[in-house]
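Worksheet for the structure shown next.
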There are 4 protein chains.
Amino acid sequence: MRVKDENKRKDIIKHTLDIVYEKGIAGVKMASLARKVGLSPATLYIYFKNKEDLILSIFSELIGEQADLSLGQLNTELPYKLKLKKIWLQWLNFSINNFKEKAFIDQVKQSPYCEEMTVKGDLKLHDIGTLLFQEGKEQGLLKEVDNSILKAIMTAMLNESVVLILNKQMELNEENADTMFSMLWDAIKS
Amino acid sequence: MRVKDENKRKDIIKHTLDIVYEKGIAGVKMASLARKVGLSPATLYIYFKNKEDLILSIFSELIGEQADLSLGQLNTELPYKLKLKKIWLQWLNFSINNFKEKAFIDQVKQSPYCEEMTVKGDLKLHDIGTLLFQEGKEQGLLKEVDNSILKAIMTAMLNESVVLILNKQMELNEENADTMFSMLWDAIKS
Amino acid sequence: MRVKDENKRKDIIKHTLDIVYEKGIAGVKMASLARKVGLSPATLYIYFKNKEDLILSIFSELIGEQADLSLGQLNTELPYKLKLKKIWLQWLNFSINNFKEKAFIDQVKQSPYCEEMTVKGDLKLHDIGTLLFQEGKEQGLLKEVDNSILKAIMTAMLNESVVLILNKQMELNEENADTMFSMLWDAIKS
Amino acid sequence: MRVKDENKRKDIIKHTLDIVYEKGIAGVKMASLARKVGLSPATLYIYFKNKEDLILSIFSELIGEQADLSLGQLNTELPYKLKLKKIWLQWLNFSINNFKEKAFIDQVKQSPYCEEMTVKGDLKLHDIGTLLFQEGKEQGLLKEVDNSILKAIMTAMLNESVVLILNKQMELNEENADTMFSMLWDAIKS
DNA sequence: AATGAATGAGTATTCATTCAT
DNA sequence: GATGAATGAATACTCATTCAT
């Protein structure tokens with residue numbers, strides 16, 4: 001009996017991410033994906049039930065990883081601003097290093113594939129945000145605006161930083177990271 | 001000889017925007033679009049050479065309108081912060097009132113349709129940003145960071161505000177608009 | 001504008017009947033059906049929504065025709081036995097002349113396509129049988145057994161007669177028809 | 001070396017009969033059949049060369065069993081009508097108890113699988129019929145019609161009885177069996 | 001200009017069968 | 001013998017686009 005090569009699933013996912021990054025979700029054609037991975041189209045259907053399953057399975061796994069990442073940092077004993085900066089930098093780095101994953105998540109979110117699915121991972125992230133901003137407000141460091149606004153701004157700055165860096169309009173170094181974070185901080189601090 | 005009916009063209013565009021907002025660009029099927037507009041599929045091809053032309057023509061027109069909008073405000077004789085706020089509010093309102101148009105632009109930008117096209121309208125916008133931020137820096141009011149960063153942040157805040165409002169997580173009233181703008185201002189002011 | 005040739009639908013149906021008779025329902029391949037009719041596969045989908053619709057539409061139409069056929073004969077003023085014979089001969093002729101249609105109906109009935117459909121036409125036929133046998137019983141001419149049994153026997157004899165004739169084991173002439181009917185009559189008469 | 005497990009072969013056949021009864025021959029998928037039996041798809045191919053072989057092997061075996069069954073009864077020393085009734089009842093019971101087998105045979109007969117095969121078993125049955133009806137005619141008890149007609153009627157009545165019983169429109173008891181047989185007898189008796 | 005019919009070139013998916021262990 | 005993985009060859013269906021009027 002041939003043994004299942006567990007790398008194959010990873011290969012499929014990797015190439016799917018590549019394609020989505022380059023051509024969008026609609027650009028994922030089962031046949032050409034298979035060719036890229038070096039498989040027969042039929043083999044894809046051993047690893048994923050169908051195209052929807054392929055897209056949503058990857059989506060779920062990515063959301064899960066992303067959420068897991070941040071949970072560790074919340075309990076550190078740093079001053080609030082530094083802790084926030086650390087988490088922010090961590091998110092920034094994660095986003096840069098996983099820009100294809102991020103692009104994939106964004107695309108799926110606004111695609112029809114996402115319609116029926118409850119995004120569990122996102123809830124985790126939401127809770128993290130809540131905890132984080134609550135702490136800042138309690139220490140009187142953050143503006144007294146709704147958490148969703150704070151989270152929106154943080155996300156927005158993150159996203160745009162990533163875009164600037166990926167578009168080579170900005171380098172990813174400590175100085176620039178400091179600049180971006182200080183602008184974020186100025187925006188949300190009380 | 002009958003002439004092309006300009007209303008029909010507008011109808012096609014309107015329904016295309018609707019579809020893209022609801023189902024994404026991949027959801028635009030020439031036949032069902034035609035049915036929605038009340039035309040034959042063949043008639044679409046009188047108004048637009050093909051699907052790509054349909055998408056990109058709409059895209060160009062929208063980008064053009066968006067840019068035109070802002071140009072008027074630059075010459076007003078208000079203090080800088082107020083002028084910036086006015087432009088920001090104008091953009092915000094425009095984005096809210098034209099969220100389908102905005103969604104369309106975003107979708108096209110990350111679609112394969114956009115690949116071969118030089119985004120003329122965007123250049124216009126880029127120039128506006130340059131002028132605007134230049135003025136602020138000259139008056140010593142803005143942080144001395146790259147214009148692209150300033151523009152990115154302004155765009156980011158705009159986008160997230162729109163999302164919050166459209167998702168009904170935030171109301172569109174003067175107070176909230178003030179809050180969002182003041183956060184933006186804090187972020188970019190020197 | 002090209003005009004729709006109403007014969008095309010009939011052609012599709014005719015060739016579908018041929019294929020089902022020769023190879024069974026599973027032998028109906030949309031592409032080769034289209035080729036036989038002289039159309040593109042895509043064109044089939046203008047006339048029938050999908051394969052299931054193709055099969056079930058034909059089925060419904062055939063059932064309808066079959067039922068309509070018999071309704072007329074019920075009111076004639078012949079002696080019962082002669083009337084029954086006339087209807088029987090009519091059914092026999094119909095079955096012989098439309099053996100492909102009959103085969104089609106039989107195949108669909110035991111196929112998964114039939115599962116979800118309520119067979120309206122059959123109900124009509126059922127009612128006809130009921131009326132017919134009721135009359136015979138009232139005149140004391142038929143055995144006092146359940147109508148479903150009488151109908152079953154009549155159907156059975158019909159089917160087997162058709163098989164014998166189509167297999168060339170029996171000729172379709174008046175003598176043989178008489179023989180078959182008299183055997184049927186002997187079986188059901190009181 | 002292990003030998004082919006005869007129980008496995010029986011299991012495969014049993015589940016094949018189940019599937020054909022429920023979903024028709026087209027419903028037999030080698031992979032899911034294997035799963036049902038608790039085997040790997042590849043293992044099926046140890047027991048049967050391919051799908052056609054699977055279907056036709058089962059078919060041949062069933063035809064053989066059916067013919068064997070009847071041969072024993074022909075020599076009994078009963079009066080003709082009673083002997084015929086006994087054989088008829090035996091066939092009826094066999095058909096009821098083996099309705100899946102019967103359905104299988106019917107389905108295969110009208111499927112493309114049957115095309116190239118000469119139905120040996122049926123010949124045996126044909127000979128039995130010939131002997132049986134010959135005897136009846138010699139004793140002046142049966143109508144002087146072609147044996148194929150007599151056989152057709154007997155088969156027809158049998159089939160319809162089975163259908164009535166399996167559809168619960170008729171109970172399988174001595175009275176009903178008597179009724180059905182007497183109708184058959186009335187039909188064929190001289 | 002306007003149109004409904006028609007279609008070629010895809011696209012996802014299935015499934016009998018074989019491979020490699 | 002037994003097996004799970006792998007696949008080639010279908011197959012139903014879609015859709016942007018063109019045809020013929």
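These numbers come from the heavy atoms of this one structure, side chains and all, not from hydrogens, waters or symmetry mates. Order of the sequence lines fixes the chain letters, A, B, ..., with proteins taken first and strands second; residue numbering starts at 1 for each chain.
Computed from coordinates, the A/Leu54 CG to E/dT13 C1' distance equals 14 Å when rounded to whole Å. We find that CG of D/Asn7 is positioned 15 Å from C1' of F/dG1, with the value rounded to whole Å. Straight-line distance from the CD1 atom of B/Ile12 to the P atom of E/dA1: 13 Å, rounded to whole Å. Here F/dT11 presents its P atom at 10 Å from NZ of C/Lys23, a figure rounded to the nearest Å. Counting to the nearest Å, the C1' atom of E/dC15 and the NZ atom of D/Lys36 are 16 Å from each other. One interatomic measurement links the two molecules: CZ of B/Arg9 to P of E/dA1, which rounds to 14 Å at whole-angstrom precision. Taking atom CD1 of D/Ile55 as the reference point, atom C1' of E/dA16 lies 12 Å away to the nearest angstrom. When rounded to the nearest whole Å, the span between CE of C/Met30 and C1' of F/dA10 equals 15 Å.
Here the nucleotide nearest the side chain of D/Tyr45, chosen from F/dC15, E/dT18, E/dC15, is E/dT18. For C/Asn50, taking side-chain heavy atoms from C-beta onward, the closest of the listed nucleotides F/dC13, F/dC15, E/dT17 is F/dC13.
Here the closest heavy-atom approach between residue C/Leu62 and residue C/Phe104 is recorded as CD1-CD2, 3.7 Å. When all heavy atoms of C/Gln107 and C/Ile25 are compared, the pair lying nearest together is OE1-N, 3.4 Å. Nearest heavy-atom pair, C/Glu61 versus C/Ile13, reported as atom, atom and distance to 0.1 Å: OE1-CD1, 3.8 Å. Here the closest non-hydrogen pair linking B/Ile12 and B/Leu33 is O-CD1, 4.0 Å.
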* Evaluation steps, side-chain contact (heavy atoms from CB on, under 4.5 Å), between B/Ser60 and B/Ile63 -> CA-CA 5 Å; B/Ser60 296; B/Ile63 290 284; 5.8 Å; no
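Paired runs in DNA chain E that reach 3 or more consecutive Watson-Crick or G-U pairs, where each pair keeps both distances under 3.5 Å, cover E:2-21 with F:2-21.
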Donor-acceptor pairs under 3.5 angstrom involving side-chain atoms of residues 17-24 of chain A: please list them, not counting sequence neighbours.
from    : atom 1 : to       : atom 2 : distance (Å)
A/Asp18 : OD1    : A/Lys100 : NZ     : 2.9
A/Asp18 : OD2    : A/Lys14  : NZ     : 3.4

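Residues meeting the side-chain contact (heavy atoms from CB on, under 4.5 Å) test with A/Thr43, sequence neighbours left out: A/Leu39, A/Ser40, A/Ile46, A/Tyr47. Listed by chain and residue number, A/Asp106 satisfy the salt bridge (charged side-chain N to carboxylate O under 4.0 Å, His left out) test with A/Lys102 (two or more places apart in sequence, or in another chain). For B/Arg35, the side chain to side chain donor-acceptor pair (under 3.5 Å) test picks out no residue, with sequence neighbours left out.
Along DNA chain F, the nucleotide nearest C/Lys51 and the nucleotide nearest B/Ala26 are compared for position; the residue whose nucleotide lies closer to the 5' end is C/Lys51. Each of C/Ala31 and B/Lys29 was matched to the nucleotide of DNA chain F holding its nearest heavy atom; the match closer to the 5' end belongs to C/Ala31.
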* Structure fact -> Whether each nucleotide of nucleotides 3-8 of chain F has a protein heavy atom under 4.0 Å at its base (B), only at its sugar-phosphate (S) or at neither (-) is summarised, 5' to 3', as BBSBBB
